[in-house]
Amino acid sequence: MHAMLVTQPGGPEVFAWEEVPLDPPGPGEVQVQILAVGVNPVDRRVRRGEYPAARLPFIPGNDAAGVVTAVGSGVERIRVGDRVYVSASHIGRGGATYAEATNVLEAACWPLPDGFSFAEGAALGLPYTTGYRALALSQARPGDTILVRGASGGVGTAVLQWARVLGIATVGTASTEAGRQHVLAQGARAALDHRDREGLKALAGSGFAAVIDVAATEHLTDDVALTAPGGHVVMVSVSTPATVPIRDIQGKGITLVGVSGRTWRPGEQEQIHRRLQPWLFAGAIRPVIWRRFPLQEAGAAQEVQAEGGAVGKVVLIPPAGETA
Amino acid sequence: MRAIVVRALGGPEGMHLQEETLPPPGPGEVRVRLYAAGVNPVDRMTRLGAVGQAAVPYIPGSDGAGEVIAVGPGVTRVQVGDRVYVAGAPTYAEETNAPEAAVWPLPAHLSFEQGAAIGIPYLTAWRALTLSGAVPGDWVLVHGASGGVGMAAVQIGRAHGLRVVGTASTEAGRELVQAHGAEAALAHDDLEGLKAVTSGEGYPAILTMRGAQTLDLDLRLAKPLGTIVVIGATGPVTVQTPDLLGKTVSVRGYTNRQVTPEERVRIHHALAGLFQAGLARPVIGRRYPLEQAGEAQESLFREPATGKVVLTLA
């Protein structure tokens, strides 16, 4: 099979499309023919060498969708021929999903409903687990109204959809008109530009129960100001440095939480997938795809995602996925 | 009776010692002859107009201790002659009418000064430790451990099986912190020393009275998924975001205004057990006469602490 290898830390040019061998699935493992790959911002940072390096060269990626072609001993839930999505971040050794096929632990492999495209399946893993976790950390409860800043990207969309099915009302921000249309289509009560401080203040009333900020740490002071006393501000984005309004956080009894993909508890992601499955099969949660790139253009796809302004998810399609 | 009255919000010059008359205790009220009053940072912030909306003139304070000299109709829990501590009624005065829910029995082995050191510090320490999520066996870092809230946190933490590390700016403060059960006491900015105590594992829970000064350090010291409870802060402060995001640490603002009346009652019941067993024991630092109340308040923000600052009213 072929895969996109990161040959050294660096820009998009460090990718190489190469023939690589794939072992049969080991005990507890599932082999998946990949028909779509989800691109996450962390993939680009891994490529750039911002995390402790994997042994070079390596195949990046955690999310994908496809068809099961073989199962190892001890696999119980998944069978050959199943349509599945893969969510391998911190489950086992990662996904190595920028490839035509991969072996992942069964716990990283979940049934994909018939009505979903493989591209949609590839958009589920990291965004929907991160989105759920952000919502859980926000301690928002049914009936609350929360602000989702940067609501139009992969994680933002996931937060809006999770909130809707859990009975939590949302207000979303996005930087483009298309993004705001998308936010409204996901069930948000209102969609505003990030810079519309007066509009946000008016909608906040006595304060949002929580703010989930996927956009940038530059809004932190506003986020705290827009949150009701005792509420939570959850930061999902990474940018440096951040000014923390510590006096307002103390005075209003606000809790500020930064979410990191490095701190998943064992079993936490599996639990979220078990929560997600009924909503998927009911059709109540469905990812939105923004851009598709051929797998061989992974570098360009990562750079496009990093530019921002996404309206949904960026996915990669391997050659076999074009006809699937 | 004599009382301090704040006539104008602002500096200590707005505080005056004067003769006041109290009405008899109303329904559910308890008249307490006070022998000591606790001086808390919030007293000064209120006088400055920086927290709450105090309407002048008013008698400041919330904490004190003394003897019950009269009870209003409907009071059932205390009677005339009881030694009590007060947590939640004006106390910079020789007498106060306190709601019954703010009056609690003072164990015989505690002095009135110690009783005056209970209210806000022990409530705050109890609640902040609860919010920190620390469980027995966890390391807990308490910044400003030699002050009123800090000493309470050291004692309550230790009594709950936490492994407490405290910081204080003076050698005398650090000795006090260790004498009250902290496993180690270090200077506020001793990053390497504080790291070494937990063998680099980090602190699942951190309490800070000076959020702006310690946040950057605390984000480095926190264990992944840990909680930093900010009890006091000026600010804002700039930190490097990866430290904020990289470990899923919660920075949790704490204010006593968000403690419900029911919670307060439960905490005072729980504290009674700690005081009876001697696991909690208020430590008195500086004492001031009532007429120096302004000086006492200012000293909280100026001088290093070795226990609680109280006003004596004998």
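Predicted model only: the values in this text are computed from it and were never measured. A note on names: the letters A, B, ... follow the listed sequences, proteins ahead of strands, and every chain is numbered from 1. Note: hydrogens, waters and symmetry copies are ignored here, and every other heavy atom, side chains too, is used.
- The CZ atom of B:Arg252 sits 11.0 Å away from the CD1 atom of A:Ile254 when rounded to the nearest 0.5 Å.
- Other residues, nucleotides and ligands place no more than 12 heavy atoms under 6.0 Å from the CZ atom of A:Arg275.
- When side chains are defined from C-beta on, A:Pro229 counts as touching B:Gln258, because their heavy atoms get closer than 4.5 Å.
- With A:Gln250 contributing its side chain and B:Gly232 its backbone, the two residues share no donor-acceptor pair below 3.5 Å.
- One N or O on the side chain of B:Thr248 and one on the backbone of A:Ser260 form a donor-acceptor pair closer than 3.5 Å.
- Neither the backbone nor the side chain of B:Leu131 comes within contact range of chain A; no heavy atoms are under 4.5 Å apart.
- A 4.5 Å side-chain heavy-atom check between B:Val237 and A:Thr243 finds every atom pair outside the cut-off.
- Around CD of B:Gln53, the count of heavy atoms belonging to other residues, nucleotides or ligands within 6.0 Å does not exceed 12.
- Under a 3.5 Å cut-off, the side chain of B:Arg257 and the backbone N or O of A:Gly251 do form a donor-acceptor pair.
- With a 4.5 Å cut-off on non-hydrogen atoms, B:Val51 touches chain A through its side chain but not through its backbone.
- B:Val249 touches chain A through its backbone: at least one of N, CA, C or O sits under 4.5 Å from a heavy atom, while the side chain does not.
- Rounding to the nearest 0.5 Å places CD1 of A:Ile249 at 7.5 Å from CG of B:Leu215.
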| said: Apply side-chain contact (heavy atoms from CB on, under 4.5 Å) to residues A:Ile246 and B:Val230 and explain how you reach the verdict. | reply: CA-CA 8 Å; A:Ile246 193 80; B:Val230 181; 3.7 Å; yes

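- Remark: of the listed residues A:Val257, A:Thr255, A:Leu256, A:Leu256 is the sole one forming a side-chain contact (heavy atoms from CB on, under 4.5 Å) with B:Val251.
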